[in-house]
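Remember, it's a predicted structure, so these values are computed and weren't measured experimentally. Read the numbers this way: they start at 1 and go in the same order the structure lists the ligands and their atoms.
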Amino acid sequence: MIFAANWKMNGNIKFLNSILAQIKQDIIPYLADNSKIIVCPPSVYLSQAKLICHNTSIEIGAQDCSSQENGAFTGEVSANMLSDVGSEWVILGHSERRQYHSENNDLLHKKMLLAKLAGLKVILCIGETHDQHANNKTKDILAEQLSIICESDLNNLEYIIAYEPIWAIGTGLTPKLEEIDEIHQFIKSFLFEKTRLKSKVQVLYGGSVNPENANQIKSLITVDGVLVGGASLSAEKFKQICM
Ligand code: PGA
């Protein structure tokens, strides 16, 4: 089971030092053998996070990367730079990036290609809006968002999918368990059929995962892990989710 913590634009050095010390001491020794933790802090803290997690099983991920390789792109951070400071993963296509930065498949395709060339593994986030969900459009929307994975130049990209219904993010709402199960199954079958995958892709669920609902969500056989936002900012809550 994969437990990915998306801190978004939260925290500071003090928070980072303290929560990573707690994860190392209170969670890692008790984590099931087949489980792993990926921590995704803001990019300015990646080096520090890597330093603290050196010699532990905690993997470090970034929350985004530039769609450009390098050059005059003020404020951007490249995939190579993320890898250079010790990131193993990068989250791409988070709904907050799609919404506030108009990220679409063309742009995400470029980012995924650069992530692949930099040796980063990708957590590709996909999800539907409340209206799309209400109008039974979820699978159409997800199929469209997943179609980038089928581009031939992304062969050999190491990736997992995070299914994050937009209406569930930060709202306290979650889909019914049967819905999560059905959608995860759909994602796995879609990618198995459309790509030359030898095994089914791992799919995380994200959106208002908390200590109260985590066990039920984790119990679904189609759920390979969770991507946690708000609750990952508390070591205690994150521990309860991971245990
Ligand atoms: P949330 O965020 O757990 O706060 O709903 C999840 C995410 O956006 O990755």
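- Side chains of Ile37 and Ser57 form no contact here, defined as non-hydrogen atoms less than 4.5 Å apart.
- Rounding to the nearest 0.5 Å gives a distance of 11.5 Å between CG of Leu146 and OH of Tyr163.
- Rounded to the nearest 0.5 angstrom, Cys242 SG and Ile28 CD1 are separated by 8.0 Å.
- Nearest protein heavy-atom contact of atom 4 (O) of ligand 1 is Gly230 N, 2.8 Å.
- When only non-hydrogen protein atoms are considered, atom 9 (O) of ligand 1 lies nearest to Glu164 OE2, 2.7 Å.
- Side-chain atoms of Gln240 and Asn210 include no donor-acceptor pair closer than 3.5 Å.
- Where the criterion is an N or O separation shorter than 3.5 Å, residue side chain and backbone included, Thr171 fails it with respect to ligand 1.
- Remark: Lys139 is not positioned above the aromatic ring of Phe190, lacking an NZ or CZ atom under 6.0 angstrom from the ring centre and at most 45 degrees off the axis.
- Those atoms of ligand 1 that come under 4.0 Å of a heavy atom in Asn6, given as number and element, are 9 (O).
- Assignment of Gly207 to the shell around ligand 1 is supported, since a heavy atom sits closer than 4.0 Å.
- The closest approach between Gly206 and ligand 1 stays at or above 4.0 Å for every heavy atom of the residue.
- Looking only at heavy atoms of the protein, atom 3 (O) of ligand 1 is closest to Gly229 N, 2.9 Å.
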